2 protein chains.
Amino acid sequence: MNTSFENLKQELKEKNINLSYQRLKVLEYLNNNRCHPTVDKIYTDLHKELSTLSKTTVYNTLRVLAESGMVRVITIEDNETRYDINVENHGHFKCDSCGEIYDFSVNIDSLIGEGLDGFMINSKNVYFNGICPNCLSNKN
Amino acid sequence: MNTSFENLKQELKEKNINLSYQRLKVLEYLNNNRCHPTVDKIYTDLHKELSTLSKTTVYNTLRVLAESGMVRVITIEDNETRYDINVENHGHFKCDSCGEIYDFSVNIDSLIGEGLDGFMINSKNVYFNGICPNCLSNKN
DNA sequence: ATTAGATTTGTAATGATTACAAAATTAAAA
DNA sequence: TTTTAATTTTGTAATCATTACAAATCTAAT
Ligand SMILES: [Mn+2]
Ligand SMILES: [Mn+2]
Ligand SMILES: [Zn+2]
Ligand SMILES: [Zn+2]
């Protein structure tokens, strides 16, 4: 049980979110799989060791975690919502060929939008699309 | 028939996209309704004057226009894809209270992501979320 | 006018997400 | 520790946006 996961558990406690077994498992999964997984991937993988898990619970848990600000919702493309436990300042690149989502460094916080005086900004997202180096060299 | 719409027609021609009646109507609609409409809104509104229009045609047309780069696809939130005929450099703000999407000015082109050497970037998007001034004053 | 190709249309299928209510679990009260 | 109330989980059904598909219609070239 690494310290990073213990910190996450502590964070849940502080936000008054019950530490149910299922929630801890989902949180642990996100902590160990930083590939921006979909609900279906999270469910399928966890179901192998937790055969009673319901997909609805995965949805519920992700909603709770997202509302509390512990995970970031990535809607770079419709039809597949993805989740990221890394809520720090970074951007996302989706390869249109292989579908992989890469993190990249960009100073989102310093992004100032002109014409947003009086707006309350709760979240900022930067999404790029294109072709990743792997796919470029494979000439897909 | 304004000049802006004539320019769009010309652009379609140059890209070798057939100027069918339905396509022109969708294009004209997007040109006149710069509120980032959903497929359903486009379909419902156009259907009033073009009762034979099929929703599938709206989907098909938007795909053609998006692939040709004439409209921008906005997936700021899953479950509702929106379309924007303004493909110029700008960002989008979605109000979590009223759902309205606002344009704002941000220099997207100058956004450089570190860690993207060797990546081919085809599109850049900046999405903000929060509460708009209207909703803030209405205390929704 | 014929013909081939492209586009439109309506309907059915898909697939992600949500709604819902019963069952199980957890937390609080007694 | 029991009792009770509240929360969470689960499975199934419903919803809703989007896509697949094939027949009908339209367009453009010959
Ligand atoms: Mn990320
Ligand atoms: Mn816009
Ligand atoms: Zn790739
Ligand atoms: Zn608003």
Side-chain angles (χ1 to χ4, degrees), chain A residues 9 12-29 36-68 70-71 73-83 94 96 99 101, chain B residues 9 12-29 36-68 70-84 94 96 99 101:
Chain A
K9 273 175 69 174
L12 276 183
K13 236 179 225 161
E14 284 162 8
K15 291 183 195 272
N16 285 321
I17 298 175
N18 278 206
L19 280 68
S20 79
Y21 186 61
Q22 290 84 347
R23 286 176 178 171
L24 289 177
K25 278 299 185 184
V26 169
L27 197 63
E28 186 186 43
Y29 183 88
H36 315 98
T38 60
V39 166
D40 197 66
K41 176 152 179 52
I42 297 169
Y43 168 73
T44 304
D45 286 352
L46 282 179
H47 188 260
K48 288 166 190 161
E49 52 166 321
L50 218 172
S51 63
T52 59
L53 181 68
S54 162
K55 193 180 268 191
T56 301
T57 298
V58 179
Y59 275 105
N60 288 340
T61 298
L62 290 170
R63 183 168 36 73
V64 168
L65 294 177
E67 281 171 357
S68 78
M70 287 188 67
V71 311
V73 180
I74 302 178
T75 52
I76 192 169
E77 196 125 354
D78 50 329
N79 93 323
E80 54 164 28
T81 306
R82 290 165 173 274
Y83 296 87
K94 170 158 182 172
D96 294 324
I101 292 185
Chain B
K9 272 174 70 174
L12 275 183
K13 236 180 223 160
E14 284 163 9
K15 292 185 195 270
N16 285 319
I17 299 175
N18 278 206
L19 281 67
S20 78
Y21 186 61
Q22 290 85 345
R23 285 177 179 170
L24 288 177
K25 277 299 186 185
V26 170
L27 197 63
E28 185 186 43
Y29 183 90
H36 316 98
T38 60
V39 165
D40 197 66
K41 177 153 179 53
I42 298 169
Y43 169 73
T44 304
D45 286 353
L46 282 180
H47 189 260
K48 287 167 191 159
E49 52 168 319
L50 217 172
S51 62
T52 60
L53 181 68
S54 162
K55 193 179 269 192
T56 301
T57 298
V58 179
Y59 275 105
N60 288 341
T61 299
L62 290 170
R63 184 168 35 72
V64 168
L65 295 177
E67 282 170 357
S68 77
M70 287 188 66
V71 310
R72 178 191 287 242
V73 180
I74 302 178
T75 52
I76 192 168
E77 198 124 354
D78 49 331
N79 93 322
E80 53 164 30
T81 305
R82 291 166 172 274
Y83 297 87
D84 193 349
K94 169 158 186 173
D96 294 324
I101 292 184

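Naming convention: chains lettered A, B, ... in sequence-line order (proteins, then strands); numbering from 1 in each chain. As the structure is a prediction and not an experimental result, all values here were calculated from the model.
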### Message
So, using salt bridge (charged side-chain N to carboxylate O under 4.0 Å, His left out) as the criterion, who are the partners of Lys41(A) when residues are at least two apart?
### Response
Asp45(A)
### Task
For Asp84(B), check side-chain contact (heavy atoms from CB on, under 4.5 Å) against everything at least two apart and list the hits.
His36(B), Arg72(B), Ile74(B), Asn86(B), His90(B), His92(B), Asp103(B)
### Task
Please examine the side chains of Leu62(A) and Thr81(A), heavy atoms only from C-beta on, and report whether any two atoms are closer than 4.5 Å.
no
### Task
Could you tell me the separation between the CG atom of Leu19(A) and the P atom of dT9(D), rounded to a whole number of Å?
11 Å
### Relative orientation of the end axes in the helix from dA1(C)-dT30(D) to dA30(C)-dT1(D), expressed as an angle to the nearest 10° (five pairs per end)
30°
### Query
Starting at CD of Glu80(B) and ending at P of dT17(C), how long is that distance when rounded to a whole Å?
14 Å
### Which residues share a salt bridge (charged side-chain N to carboxylate O under 4.0 Å, His left out) with Glu14(A), sequence neighbours left out
none
Scan nucleotides 8-11 of chain C against the protein and return all N/O pairs shorter than 3.5 Å with their distances rounded to 0.1 Å.
unit_1, atom_1, unit_2, atom_2, d
dT8(C), OP1, Ser20(B), OG, 2.3
dT8(C), O3', Gln22(B), NE2, 3.0
dT9(C), OP1, Gln22(B), NE2, 3.1
dT9(C), OP1, Thr52(B), O, 3.1
dT9(C), OP2, Ser54(B), N, 3.2
dT9(C), OP2, Thr57(B), OG1, 2.8
dT9(C), O5', Thr52(B), O, 3.2
dG10(C), O6, Thr56(B), OG1, 3.3
dT11(C), O4, Thr56(B), OG1, 3.4

### Task
State which of dT17(C), dA17(D), dT7(D) makes the closest approach to the side chain of Val39(A).
dT17(C)
#### Entry: Length of the CG-P vector between Leu62(B) and dT19(D), whole Å
11 Å
### Message
Counting the atoms with a prime plus P, OP1 and OP2 as sugar-phosphate, which does Thr81(B) contact under 4.0 Å by heavy atoms, base, sugar-phosphate, or nothing?
### Response
sugar-phosphate
### Task
Would you mind telling me which residue lines up with the more 5' stretch of DNA chain C, Asp78(B) or Asn16(B), judged by nearest nucleotide?
Asn16(B)
### Query
In whole angstroms, how far is the P atom of dT17(C) from the CD1 atom of Ile42(A)?
11 Å
### Query
Mind checking what makes salt bridge (charged side-chain N to carboxylate O under 4.0 Å, His left out) contact with Glu77(A), not counting sequence neighbours?
Lys94(A)
### Task
Supply the atom-to-atom distance Arg82(B) CZ to Thr75(B) OG1, rounded to the nearest 0.5 angstrom.
12.0 Å
N/O donor to acceptor pairs below 3.5 angstrom from side-chain atoms of residues 52-59 of chain B, sequence neighbours left out:
unit_1, atom_1, unit_2, atom_2, d
Ser54(B), OG, Thr56(B), N, 3.1
Lys55(B), NZ, Asp40(B), OD1, 2.6

Review item, side-chain donor-acceptor pairs of residues 15-22 of chain B, under 3.5 Å, at least two apart:
unit_1, atom_1, unit_2, atom_2, d
Lys15(B), NZ, Ser68(B), O, 3.1
Ser20(B), OG, Arg23(B), N, 3.2

#### Entry: Nucleotide dT7(C), atom C1' - distance to NZ of Lys25(B) in whole Å
18 Å
### Message
Tell me every residue that passes ring-ring contact (aromatic ring centres under 6.0 Å, His included) with Tyr43(B), counting only those two or more places apart in sequence or in another chain.
### Response
His47(B)
### Query
Can you check the Leu24(B) CG to dT27(D) C1' distance for me, whole Å?
13 Å
#### Entry: Spacing between Tyr59(B) atom OH and dC16(D) atom P, to the nearest angstrom
13 Å
### Message
Just the rounded figure in Å: distance from P of dT18(C) to CD of Glu77(B).
### Response
10 Å
